[in-house]
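Structure first, then comments.
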Amino acid sequence: MDKIRVRFAPSPTGGLHLGGVRTVLYNYLFARQHQGTFILRIEDTDQNRFVPGAEDYIVECLNWCGLIPDESPLKGGPYAPYKQSERKSSYQKYAEQLVEAGYAYYAFDTTEELEQMRIRFKTDENPSPQYDSRIRMQMKNSLSEPEKARQWKSEGLPYVIRIRMPDNEEIHFSDLIRGDVHFNTGQSDDKVLLKADGMPTYHLAVVVDDYLMKITHAFRGEEWLPSAPAHILLWKYLGWEKDMPQWAHLPLILKPDGHGKLSKRDGDKLGFPVFAMNWTDPKTGELTAGFRERGFLPEAFINMLAMLGWNAGTEQEIFTIDELISQFSIERVHKGGAKFDFEKAKWFNHEWIKRSSSERLLPDVKKYFDQAGIHAEETLLAKVIDLVKERCTLLPDFVDQASFFFLRPAQYDLEPIKGKWNTDKKMFFAEFADKLSSIHTWDFASIEQVFKAHAEEKNIKAGELLQPLRIMLVGGKFGPPVFAIAELLGKEETMGRIKEVTGLLGE
RNA sequence: GGCCCGUUGGUCAAGGGGUUAAGACGCCUCUCUUUCACGGAGGAAUCACGAGUUCGAUUCUCGUACGGGCUACCA
């Protein structure tokens with residue numbers, strides 16, 4: 001068997017949707033598993049929808065996720081260029097070839113005429129009439145009016161090339177996920193192959209490039225299923241049938257509430273990201289939130305996406321990328337769409353944070369401290385990370401959970417201790433602070449020992465003193481064990497905070 | 001409307017003619033911890049419906065219902 005070659009072929013029209021990343025992921029896993037090649041091809045054949053920055057954004061998303069293509073516009077490769085706009089000249093001859101063979105034709109209908117057609121043929125039974133075998137002879141094209149068409153063409157009238165779909169032919173193909181799928185060509189329209197501006201549509205470009213780039217497997221969203229028969233016919237008409245890739249149409253990712261496929265608007269509405277990274281529309285300035293900026297680890301994001309529509313058939317849910325590469329199989333991908341569950345997504349991130357080393361986490365966590373304007377010294381931060389990571393679901397949680405290690409609390413939640421505060425306790429803490437200064441080896445055990453001994457001496461239950469101590473050091477009722485906090489805070493700072501809050505509390 | 005795809009707890013899902021129908025998220029209870037988490041134990045909750053095939057259907061077949069996708073000189 002030939003070397004496996006797969007591709008991700010996005011259109012650079014905006015942010016990268018999480019479903020898009022999953023498509024990349026499945027392509028990538030499949031390629032790596034088979035020692036194949038993963039290609040990024042930019043499908044920018046629609047000049048009207050060109051969005052500046054979108055291509056760079058896609059590349060950066062792939063970098064962040066660690067799903068790096070082997071061949072791409074940036075990297076080049078044996079089948080360059082990898083941008084369809086730069087391959088423009090190669091499509092026309094195939095379109096012409098199809099016309100000559102009678103599989104396609106020239107059409108001269110204007111946009112207005114097409115609109116009129118849709119109105120004219122619209123009935124209750126057929127609310128959206130198509131440019132198909134039933135009506136093509138009533139339109140302006142080289143099939144209905146061969147003579148005139150020749151003249152129009154020589155006069156330089158703009159035209160498109162359309163595929164001539166057979167009236168009634170059964171097309172079937174085997175989908176890696178869905179098994180046998182069949183269609184009758186009579187239901188499909190005569191799709192435009194080559195646009196008036198000389199650019200191919202997706203339909204032509206995808207088969208020409210998949211052929212030229214020797215793609216062996218084509219994974220794409222389920223929304224492409226209805227146009228599959230046209231693509232298959234094209235492979236056949238171009239004489240490349242034996243080289244046609246194997247298809248796999250991936251299930252859609254659905255809205256968590258209600259119905260339909262997940263859109264970026266759902267994220268805004270429900271308060272979770274839909275894009276991989278923040279995306280700002282250059283025209284409107286509108287920002288759509290991304291998983292990266294929300295504080296997701298790429299490992300978790302990938303893991304979560306892998307499980308949305310696929311599972312290994314075991315109970316394992318946490319996978320490294322290498323485990324995914326070895327265990328993934330396209331046949332085990334679900335047929336049905338999956339509703340996106342942000343709670344579960346967060347759970348994956350939490351799991352990944354808990355399992356990651358402080359070395360892994362440090363650079364990412366540091367960024368959030370920098371953003372918050374807190375200088376977090378790295379040696380200390382690494383220790384702090386290990387202490388608090390099980391309490392952090394998203395990366396920004398580290399700041400909430402650990403800023404008190406680097407900064408005295410701006411305010412203290414005194415309510416829980418005020419009620420039970422008394423002179424004895426005040427005395428205890430004043431003396432305790434002093435006693436701390438005599439500790440030689442400043443660590444968890446010594447601090448705890450001094451604390452307990454002193455509590456016993458003053459005849460106060462240690463339990464009644466723990467909560468106040470915590471609030472003095474932390475500012476609130478949260479965080480790791482108090483003595484572990486004191487240890488990392490250091491002697492001076494621990495004493496300082498105890499004294500400060502003891503003073504604050506009065507008698 | 002037409003065509004295509006789909007349907008196991010609220011969500012992700014395993015399973016596949018005979019099972020107590022796994023597991024996870026979320027929720028609830030208990031436990032550990034004199035904080036918050038983590039961990040541990042438990043609980044509520046599912047085979048869309050109707051026929052057929054069969055000794056027996058969640059599983060196979062056919063219908064129905066429901067959901068989704070497509071129906072552009074967009075991808």
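- Remark: N126(A) is not in phosphate contact with rG1(B), judged by side-chain N or O atoms under 4.0 Å from OP1 or OP2.
- rC4(B) and rC62(B) are spaced 14 Å apart, taking the P atom of each and rounding to whole Å.
- Residues D209(A) and Y82(A) have side chains that never bring a donor and an acceptor to within less than 3.5 angstrom of each other.
- A salt bridge is absent between D281(A) and K283(A); no separation between the charged side-chain nitrogens and carboxylate oxygens falls under 4.0 Å.
- Taking only side-chain atoms of K477(A), from C-beta outward, the nucleotide of rU34(B), rA75(B), rU35(B) with the closest atom is rU35(B).
- Between the P atom of rC73(B) and the CD atom of E112(A) lies a distance of 12 Å, rounded to the nearest Å.
- In this entry the distance linking CZ of F183(A) with C1' of rC70(B) reads 9 Å, nearest Å.
- OP1 or OP2 of rA75(B) has not a single side-chain nitrogen or oxygen of R49(A) nearer than 4.0 Å.
- Between Y211(A) and W235(A), the two ring planes are perpendicular [angle over 60°; tilted spans 30° to 60°].
- A salt bridge is absent between K383(A) and D386(A): the closest approach of a Lys/Arg side-chain nitrogen to an acidic carboxylate oxygen does not fall below 4.0 angstrom.
- A ring pair (Phe, Tyr, Trp, His ring centres under 6.0 Å) with W224(A) holds for exactly one of W247(A), F219(A), Y202(A); it is Y202(A).
- For A338(A), the listed nucleotide lying nearest its side chain is rA13(B); candidates were rA13(B), rC73(B), rU34(B).
- Taking the P atom of each, rG15(B) and rC55(B) are spaced 28 Å apart, rounded to whole Å.
- Remark: E493(A) engages R497(A) in a salt bridge, criterion side-chain N to carboxylate O under 4.0 Å.
- Comparing atom distances between the S11(A) side chain and each of rC73(B), rA24(B), rA75(B) picks out rA75(B) as nearest.
- The side chain of K461(A) approaches rU34(B) more closely than any other nucleotide in the set rA75(B), rC12(B), rU34(B).
- Residue P127(A) places its side chain closer to rG1(B) than to any other of rA13(B), rC73(B), rG1(B).
- Using a 30° and 60° split on the angle between ring planes, F432(A) and F429(A) fall in the perpendicular class, above 60°.
- One interatomic measurement links the two molecules: CD of Q316(A) to C1' of rA22(B), which rounds to 16 Å at whole-angstrom precision.
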Short heteroatom pairs, N/O only, protein and nucleotides 19-21 of chain B, under 3.5 Å:
none

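- Salt bridge annotation for R49(A)-D46(A): present, with a cationic side-chain nitrogen under 4.0 angstrom from a carboxylate oxygen.
- Listed nucleotides rU71(B), rC74(B), rC73(B) differ in distance to D46(A); the shortest reach to its side chain belongs to rC74(B).
- Computed from coordinates, the I177(A) CD1 to rG68(B) P distance equals 21 Å when rounded to whole Å.
- You'll find that the side chain of E343(A) is closest to rG26(B), out of rC73(B), rU35(B), rG26(B).
- A salt bridge does not link K420(A) to E464(A): none of the charged side-chain nitrogens sits closer than 4.0 Å to a carboxylate oxygen.
- The phosphate of rG2(B) (OP1 or OP2) has no side-chain N or O of K122(A) nearer than 4.0 angstrom.
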Sequence neighbours excluded and cut-off under 3.5 Å, please list the side-chain donor-acceptor pairs for residues 467-477 of chain A, or say none.
{"unit_1": "R470(A)", "atom_1": "NH1", "unit_2": "F478(A)", "atom_2": "O", "d": "2.6"}
{"unit_1": "R470(A)", "atom_1": "NH1", "unit_2": "G479(A)", "atom_2": "O", "d": "3.3"}
{"unit_1": "R470(A)", "atom_1": "NH1", "unit_2": "P480(A)", "atom_2": "O", "d": "3.1"}
{"unit_1": "R470(A)", "atom_1": "NH2", "unit_2": "P480(A)", "atom_2": "O", "d": "2.9"}

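- Comparing rC25(B) with rU35(B), their C1' atoms are spaced 26 Å from each other, to the whole Å.
- Checked for salt-bridge contact, E115(A) and R118(A) miss the test: no charged N lies under 4.0 Å from a carboxylate O.
- Between K195(A) and D197(A) there is no salt bridge, since none of the side-chain N atoms of the basic residue sits less than 4.0 Å from a carboxylate O of the acidic one.
- In the interface, the side chain of K344(A) is paired with the base of rA24(B) through a donor and an acceptor atom under 3.5 Å apart.
- Put simply, CG on D413(A) is 15 Å from P on rU35(B), counting in whole angstrom units.
- Which of rG6(B), rC74(B), rC70(B) sits closest to the side chain of K261(A) comes down to rC70(B).
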Canonical and wobble pairing (Watson-Crick, G-U, under 3.5 Å) of RNA chain B, dot-bracket with |: (((((((..(((.....[....))).(((((.......)))))....(((((..]....))))))))))))....
With 3.5 Å as the limit, what N/O pairs link the protein to nucleotides 61-67 of chain B?
none

Distances under 3.5 Å between protein N/O atoms and the N/O atoms of nucleotides 44-49 of chain B, please, pair by pair.
none

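- For the pair H334(A) and rA14(B), the criterion of a side-chain N or O lying under 4.0 Å from OP1 or OP2 is met.
- Side-chain contact between H203(A) and I163(A): absent, with no pair of heavy atoms (C-beta onward) separated by less than 4.5 Å.
- Closest to the side chain of N311(A), out of rC70(B), rG26(B), rA14(B), is rA14(B).
- Ion pair K261(A)/E222(A) not flagged as a salt bridge, since none of the NZ, NE, NH1 or NH2 atoms sits closer than 4.0 Å to an Asp/Glu carboxylate oxygen.
- At least one side-chain nitrogen or oxygen of T45(A) sits closer than 4.0 Å to the OP1 or OP2 atom of rA75(B).
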List every contact pair, protein side and nucleotides 38-41 of chain B side both N or O, where the distance is under 3.5 Å.
{"unit_1": "rC38(B)", "atom_1": "O3'", "unit_2": "K354(A)", "atom_2": "NZ", "d": "3.1"}
{"unit_1": "rG39(B)", "atom_1": "OP1", "unit_2": "K354(A)", "atom_2": "NZ", "d": "3.1"}

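- The side chain of D341(A) has rU11(B) as its nearest neighbour among rU11(B), rG2(B), rU71(B).
- A cation-pi arrangement is not found for K418(A) relative to W421(A), the charged atom failing to lie both closer than 6.0 Å to the ring centre and inside a 45° cone about the ring normal.
- Going from atom CZ of F348(A) over to atom P of rA13(B) covers 10 Å, rounded to whole Å.
- Along RNA chain B, the nucleotide closest to G336(A) and the one closest to P481(A) are compared, and the more 5′ of them pairs with G336(A).
- At rA13(B), none of the side-chain N or O atoms of K339(A) fall inside 4.0 Å of OP1 or OP2 (strictly under the cut-off).
- We find that CZ of F50(A) is positioned 23 Å from P of rC73(B), with the value rounded to whole Å.
- With K452(A) as the partner, the side-chain hydrogen bond (donor to acceptor under 3.5 Å, both in side chains) test is satisfied by one option alone out of H454(A), E456(A), E448(A), Q449(A): E448(A).
- A salt bridge is defined here as a Lys NZ or Arg NE, NH1 or NH2 lying under 4.0 Å from an Asp or Glu carboxylate O, and K344(A) with E317(A) meets this definition.
- Atom CD1 in I318(A) sits about 18 Å away from atom P in rC12(B), given to the nearest Å.
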